[in-house]
Every structure is written in C-alpha cells, then in structure tokens.
S.K.: 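I have a structure here, written as structure tokens, and I will follow up with some questions on it.
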Protein chains: 2
Amino acid sequence: MDTNTKLKQILRNEGFRYTPQRQMVWNELRNMGGHHDCEEIYDELKGKGTRVSRATVYRTIEVLARNGLIRKLEVGDGVARYEAKEDGNHHHDHMICIETGDIIEFYNEELERLQEEIAEKHGYELVRHVHQLFVKKK
Amino acid sequence: MDTNTKLKQILRNEGFRYTPQRQMVWNELRNMGGHHDCEEIYDELKGKGTRVSRATVYRTIEVLARNGLIRKLEVGDGVARYEAKEDGNHHHDHMICIETGDIIEFYNEELERLQEEIAEKHGYELVRHVHQLFVKKK
DNA sequence: AGCTCACATGAGACTCAATATCAATAAAGA
DNA sequence: TCTTTATTGATATTGAGTCTCATGTGAGCT
C-alpha cells in the first residue's frame, strides 16, 4: 500500500476527508525529510505556489501526529518540530547539539527496557516518553 | 549556611543585587514545594499582597535557573514549570501521569550511565538531558 | 548617615507560535 | 448532479514570555 493510500485510509477511519491540502502537507514533510516546524512546511508549500493556509498546515499536522503518521519533537525553543515516520523508521530519541542545533537520532534497546521497568515499578504503564540529550562536540 | 545567604552569595558572584523581590520569588517557590509555573508564583505572591511584577518573577526565575538554585521542567503543554533544588535533592527525572497530571520523580543510576555512553559513542559530550515518562495508572 | 549611580523594578507594550472564528468552498455519498 | 457537512482561508485572538523605559533602590563610598 502506498503511503498516500495509507493517509486516505487513516483519514477515513477518523471520519475525515481526503483533501488536496492534507495530501500536500503530508507529502511535503516526507519530501523535505528531517525535522521541520509548521512555518517551514508552510513556507515551502507557499514557495511552490501552492494554495494552502497556515491554519490548515497546523490543523493537518495535528491530525497526522494524532494518527501516528508523523512524530512530534519539542527541543525547548518554543517551536514544535515534526518528522515523517516512514516504514521501517522505528522509534528513536534525539540528541541535540547545543552549539550547532544539529539533531542526531539514537536508539538503545536497554534504555527502552529500563524505562518500562521504572514505570512498572511505580505502578504505572508507560504510554510514551520524551528523551533528549543536549550535547556538544568533544 | 542558610538558603537565603546562599542566594545572596550566588547573586553577588554574578554581579547581581540581593533584592527583596528576588528573595520573595525564591522563598515562595521553596515554600510552595513541587512544580510551579511563573504565573502561579506571581499569583501566590500577589495573593499575599506582595508588591511584585510579572516581569520580575520571570526575570528572577531565569536567574535562579541559570544558577542552579531551581530546576526547569517542560512537559510539553507550553508552560515551563520550576522546582526548588533543596540540599540533598539530587538530580532526577519525571514521570507524568497523562490522566491526573501528577508528577512523580525518579532516578536511575544505570539510565544516567547509559546516556553518557550514548553521547560518547557519537563523539559528543553530554551537557544535560530531558527525560520524561508519560504514564497512566495500571 | 547621606550621596551617588548603575542595576533592578513595574506597568504595559510587544512578539510569536498556536488556536479560534466564521463565511465561503468543496469532498463524497445519494 | 445535488445536498450535506466537513474543510479551508483570512484574520482575529490567545497566552506565555520578553522588551522598553521611566522610576526606584541596593550598596559601595565618603
């Protein structure tokens, strides 16, 4: 199933319509690659002469995130960034260089296991987590 | 050394003045206990008839955080919360209940070690980290 | 204690990401 | 094609946080 059919199905499941704008936002974020905020996505689409509004970008991104097509990333600068979850792009956390702003992805099995364990130990179930390492080049 | 003398010394080291407002913000956050945002601190002080401005609360909190007297916590709802670091209140991370909003502190030696290791492995030095577990009661 | 002045404060303007409003538009089933 | 109802776009609004600047005040100096 191609990725736009997947979008269509997800939207239908939620009772949403499959509109050109939603397709454009989704395709744009995938084409751009990496981590981007709504303003960047909006500018990119505008730059291509696309007819889309800021409000629609924000609304669409919210829907995509809620349905797990994209992943939200907040690094503490007051701007939410998003990345497309491609097939085979499994869960990962982020390392942010405080000097360059570079975002590096990492994944560690043991780390994941420990978190489940800690939640468990306190009588909770782990739903999701935010884990960011702020680093600088050695 | 009592905690207000400590505040005084820290301010002097940075070339800042030891003012009633800075003492009030610091004392208020300690008295309240737990995690609070600037607006709550401001309201609390106002409620006591104290003469203090919103701007000063924000400015003071920033100074306290930069000097390690308090710890900043962002759970992703667009409001920064702070907690006083008491003596013997060592580093910890947070578990946030998505149903009640409760904030539980946790600390795990192994987790800390792993993070250093991961940064290292990528050629970086770990400066600080943000680690939050969003959980719900089992 | 009084003087001085650079730093701090308070009130309100301002910023900026994000959300809400609402008339006009367009999916999508009949 | 028609009709219904969600969606869109333009813009206003919100809200946390920051900035400005005239006024106030800590603290070193005499």
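We name chains A, B, ... by the order of the sequence lines, and we start the count at 1 in each one. Every value quoted in this text rests on a predicted model; they were computed, and no experiment measured them.
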S.K.: Checking side-chain polar atoms at under 3.5 Å, does A:His131 have a donor or acceptor matched by the opposite partner on B:Gln132?
M.R.: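 Checked: A:His131/B:Gln132 side chains show no N/O donor-acceptor pair below 3.5 Å.
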S.K.: Would you say A:Val57 and A:Glu28 make side-chain contact, with heavy atoms under 4.5 Å?
M.R.: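 When only atoms from C-beta onward are counted, A:Glu28 and A:Val57 do not touch, as no gap falls below 4.5 Å.
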S.K.: Look at B:Thr56 and C:dG10 and indicate whether a side-chain polar atom (N or O) is within less than 4.0 Å of OP1 or OP2.
M.R.: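 True: B:Thr56 side-chain N/O within range (under 4.0 Å) of C:dG10 OP1/OP2.
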S.K.: Please round to the nearest 0.5 Å and tell me the distance separating atom CG of B:Leu114 and atom NZ of B:Lys121.
M.R.: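 Reported value, rounded in 0.5 Å steps: 8.5 Å.
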S.K.: Which part of the nucleic acid, if any, lies within contact of B:Arg22, taking any heavy atom under 4.0 Å across all strands shown: a base, the sugar-phosphate backbone alone, or nothing?
M.R.: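 B:Arg22: backbone/sugar contact only, no base atoms under 4.0 Å.
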S.K.: Could you tell me the separation between the CD atom of B:Gln21 and the C1' atom of D:dG24, rounded to a whole number of Å?
M.R.: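 Distance, rounded to whole Å: 10 Å.
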S.K.: Assuming nearest nucleotide by heavy-atom distance, tell me which of B:Arg12 and A:Pro20 is located more 5' along DNA chain D.
M.R.: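 The residue whose closest nucleotide sits nearer the 5' end is A:Pro20.
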S.K.: Rounded to the nearest Å, what distance is computed from the NE2 atom of residue B:His36 to the C1' atom of nucleotide D:dA16?
M.R.: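 After rounding, the gap between these two atoms is 18 Å.
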S.K.: Check the distance between C:dG12's C1' and B:Tyr58's OH and give it to me in whole angstrom.
M.R.: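 In whole Å, C:dG12 C1' and B:Tyr58 OH are 15 Å from each other.
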S.K.: What is the distance, rounded to the nearest whole Å, between atom CD1 of A:Ile41 and atom P of C:dA18?
M.R.: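 For the pair A:Ile41 CD1 and C:dA18 P, the rounded distance is 10 Å.
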S.K.: Expressed as a whole number of angstroms, how long is the span from B:Leu73:CG to D:dA16:C1'?
M.R.: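 Going from B:Leu73 (CG) to D:dA16 (C1'), I get 16 Å.
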S.K.: Round to the nearest Å and state the distance from B:Met24 atom CE to C:dA8 atom C1'.
M.R.: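 These atoms are roughly 12 Å apart.
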S.K.: Expressed in angstrom and rounded to an integer, what is the separation of B:Leu11 atom CG from D:dG26 atom P?
M.R.: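 It works out to 13 Å between those atoms.
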S.K.: How do B:Phe16 and B:Glu74 order along DNA chain D: which one's closest nucleotide is nearer the 5' end?
M.R.: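 Between the two, 5'-proximity favours B:Glu74.
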S.K.: Using the ring pair (Phe, Tyr, Trp, His ring centres under 6.0 Å) rule, take A:His90 and A:His92 through it: C-alpha gap first, then chi angles, then the decisive distance, then the call.
M.R.: CA-CA 6 Å; A:His90 63 41; A:His92 57 252; 7.3 Å; no
S.K.: For the pair made of NZ in B:Lys8 and P in C:dA8, what is the distance, rounded to whole Å?
M.R.: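 Result: 15 Å.
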S.K.: Does A:Arg17 make a side-chain donor-acceptor contact with the base of D:dA6, cut-off 3.5 Å?
M.R.: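 Flag set: donor-acceptor pair detected.
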S.K.: If you look at every strand shown and take non-hydrogen atoms under 4.0 Å, does B:Arg51 touch a base, only sugar-phosphate, or nothing?
M.R.: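 Result for B:Arg51 = sugar-phosphate.
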S.K.: Could you pick out which residue, B:Gly15 or B:Val57, lies toward the 5' side of DNA chain C when each is mapped onto its nearest nucleotide?
M.R.: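 Closest to the 5' end, via its nearest nucleotide, is B:Gly15.
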S.K.: Taking atom CZ of B:Arg30 and atom CG of B:Asn27, what is their separation to the nearest 0.5 Å?
M.R.: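 Between B:Arg30 CZ and B:Asn27 CG, I get 4.5 Å after rounding to 0.5 Å.
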S.K.: Is there a side-chain contact between A:Thr19 and the phosphate of D:dT8, meaning an N or O under 4.0 Å from OP1 or OP2?
M.R.: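 Yes.
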